[in-house]
Amino acid sequence: MSSITLKNISKIYSDGTIAVNDVNLQIENKEFIILVGPSGCGKSTTLRMIAGLEQISKGEMKIGDRVVNEIEPKDRNIAMVFQSYALYPHMTVYKNMAFGLELRKIPKNEIDKRVREAAKILDIEHLLKRKPKALSGGQRQRVALGRAMVRSPDVFLLDEPLSNLDAKLRTAMRTEIIKLHKRLETTFVYVTHDQTEAMTMGDRIVVMKDGIVQQVDTPKNLYNSPCNLFVAGFIGSPGMNFIPCEFDSKNKVRINGSTITITQKEQLEALIKDGGDNLTLGIRPEDITVDSEYIKKHPDSVFEAQVDVVEPLGSETFLYLDFFGTRIIARVSPDVTFTQGEIVKLGINTEKLHIFDTSSGENILTLN
């Protein structure tokens with residue numbers, strides 16, 4: 001079993017800085033789980049505590065049924081892949097992959113078998129005699145993965161392994177790592193600040209901020225039902241639009257002088273009872289449209305904004321708009337043509353809205 005259990009895990013440094021605060025997390029056997037969040041959120045520190053490279057200040061850590069708080073990294077049967085690859089420059093690819101096994105006194109014939117099998121899976125058989133300086137970034141990353149694979153670990157830990165690669169190669173390597181996980185059937189814990197990596201790779205995602213876990217869920221649920229303003233803004237590219245709002249009747253939302261009708265009256269009753277003030281409306285860029293036919297059919301969900309920037313991306317266009325001082329982004333058809341400063345009518349999908357408490361950040365209503 002290679003499940004991982006974090007129970008009330010905290011990391012507090014000698015100066016009192018709390019890097020990780022009371023994390024509770026159950027990572028299942030063979031699961032691919034992603035730790036994601038901005039720089040300084042505690043994701044890499046959490047990974048290093050799983051690896052044993054950081055001492056746990058409070059709480060209990062288990063790998064399988066074994067408590068590992070006091071167990072040395074070398075005895076945890078984990079393998080870690082670093083952002084910097086951490087290859088020995090004076091050794092060949094073969095020696096880099098074999099070195100850890102040699103230290104463990106594994107028989108030479110077994111080492112050779114494991115190295116060549118891993119090299120075949122990663123398509124680096126032809127590179128075994130080269131040294132790291134003769135490899136591209138992607139090839140070095142494959143060697144780092146191979147070095148981890150030959151150990152046959154219970155758990156793979158990957159700390160932003162693709163951040164040094166160019167965009168095209170990152171996309172290719174994401175696919176390779178997903179395939180590798182399915183082939184090895186081993187638990188993967190992957191750290192990244194890139195929410196696109198998180199959304200495309202993980203079975204579940206752990207979103208962190210300031211050392212605290214904000215939400216743990218599948219990519220789809222995180223996107224459709226974020227628990228608070230931070231998760232809603234972090235997950236999605238571009239992130240969710242946030243507009244201050246208030247209710248002025250049982251099914252109308254007022255945003256900067258414009259009024260939008262929401263048809264799901266029964267779902268708004270609790271908000272009306274609470275007064276309906278100090279609220280934030282959240283809407284995804286793809287749920288804002290400039291389509292004239294939609295706007296004609298839904299006159300109660302229309303408002304106007306001024307075009308600030310037009311960003312054509314080939315398959316789609318992003319409109320950056322100024323709505324009474326609030327910047328919003330709409331994802332629209334590539335055929336749409338607007339100019340800077342133009343006033344445009346926007347229709348919003350009122351069946352896909354989120355209402356947040358502005359003070360606490362909590363998502364108090366999701367319509368989808």
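No experiment lies behind these values; they were computed from the predicted model shown. Throughout, residue positions are numbered sequentially from 1 according to the sequence presented.
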For Met97 and Leu128, which heavy atoms make the closest approach, and how far apart are they?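 For Met97 and Leu128, the tightest heavy-atom pair comes out as SD-CD2, 4.2 Å.
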Can you give me the closest heavy-atom contact between Ile205 and Val36, atom names plus distance?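 The answer is CG2-CG1, 3.4 Å.
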Counting only heavy atoms not in Arg183 (residues, nucleotides, ligands), do more than 12 fall under 6.0 Å from its CZ?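 No.
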Parallel, tilted or perpendicular: which describes the rings of His90 and Tyr88, with under 30° parallel and over 60° perpendicular?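 Because their plane-to-plane angle is over 60°, the rings of His90 and Tyr88 count as perpendicular.
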Do the rings of Tyr190 and Phe32 sit parallel, tilted or perpendicular, given the 30° and 60° boundaries?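 Rings of Tyr190 and Phe32: tilted, as their planes differ by 30° to 60°.
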Other than Val302, which residues form its hydrophobic cluster under the rule that side-chain heavy atoms must be closer than 4.5 Å?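 Its cluster mates, by chain and number, are Ile295.
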Is it true that [X] and [Y] make a salt bridge, defined as a side-chain N closer than 4.0 Å to a carboxylate O?
X: Glu286; Y: Arg331; answer: yes
X: Glu28; Y: Arg204; answer: no
X: Lys297; Y: Glu293; answer: no
X: Lys179; Y: Glu176; answer: yes

Go through it in stages, so that I can follow the logic: the residues are Gln83 and Asp159, the test is side chain to side chain contact (heavy atoms under 4.5 Å, CB included), and I'd like the CA-CA distance, side-chain angles, deciding distance and then a yes or no. CA-CA 6 Å; Gln83 177 181 350; Asp159 191 4; 5.6 Å; no
Heavy atoms, side chains only, cut-off 4.5 Å: are Leu87 and Arg147 in contact?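 Result yes, sub-4.5 Å side-chain heavy-atom pair found.
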In the structure I gave you, are the side-chain heavy atoms of Met201 and His181 within less than 4.5 Å of one another anywhere?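 No, too far: nothing below the 4.5 Å cut-off.
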My understanding is that only residues two or more places apart in sequence, or in another chain, count here; which of them pass ring-ring contact (aromatic ring centres under 6.0 Å, His included) with His298?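 Per chain and number, His298 pairs via ring-ring contact (aromatic ring centres under 6.0 Å, His included) with Tyr294.
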Could you tell me whether a side-chain N or O of Thr218 sits under 3.5 Å from a main-chain N or O of Asn221, the two making a donor and an acceptor?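 At least one qualifying donor-acceptor pair exists.
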Output yes when a side-chain donor or acceptor of Asn8 lies under 3.5 Å from a complementary backbone atom of Asp22, and no otherwise.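 Checking the backbone N and O of Asp22 against the side chain of Asn8, no donor-acceptor pair under 3.5 Å is found.
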Applying side-chain hydrogen bond (donor to acceptor under 3.5 Å, both in side chains), which residue pairs with at least one partner in residues 304-314 are found, sequence neighbours left out?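 Pairs touching residues 304-314 that pass the test: Asp308-Arg327, Glu311-Tyr320.
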When you check the side-chain N and O atoms of Asp15 and Thr17, is any donor under 3.5 Å from an acceptor?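 Yes, side-chain donor-acceptor contact under 3.5 Å.
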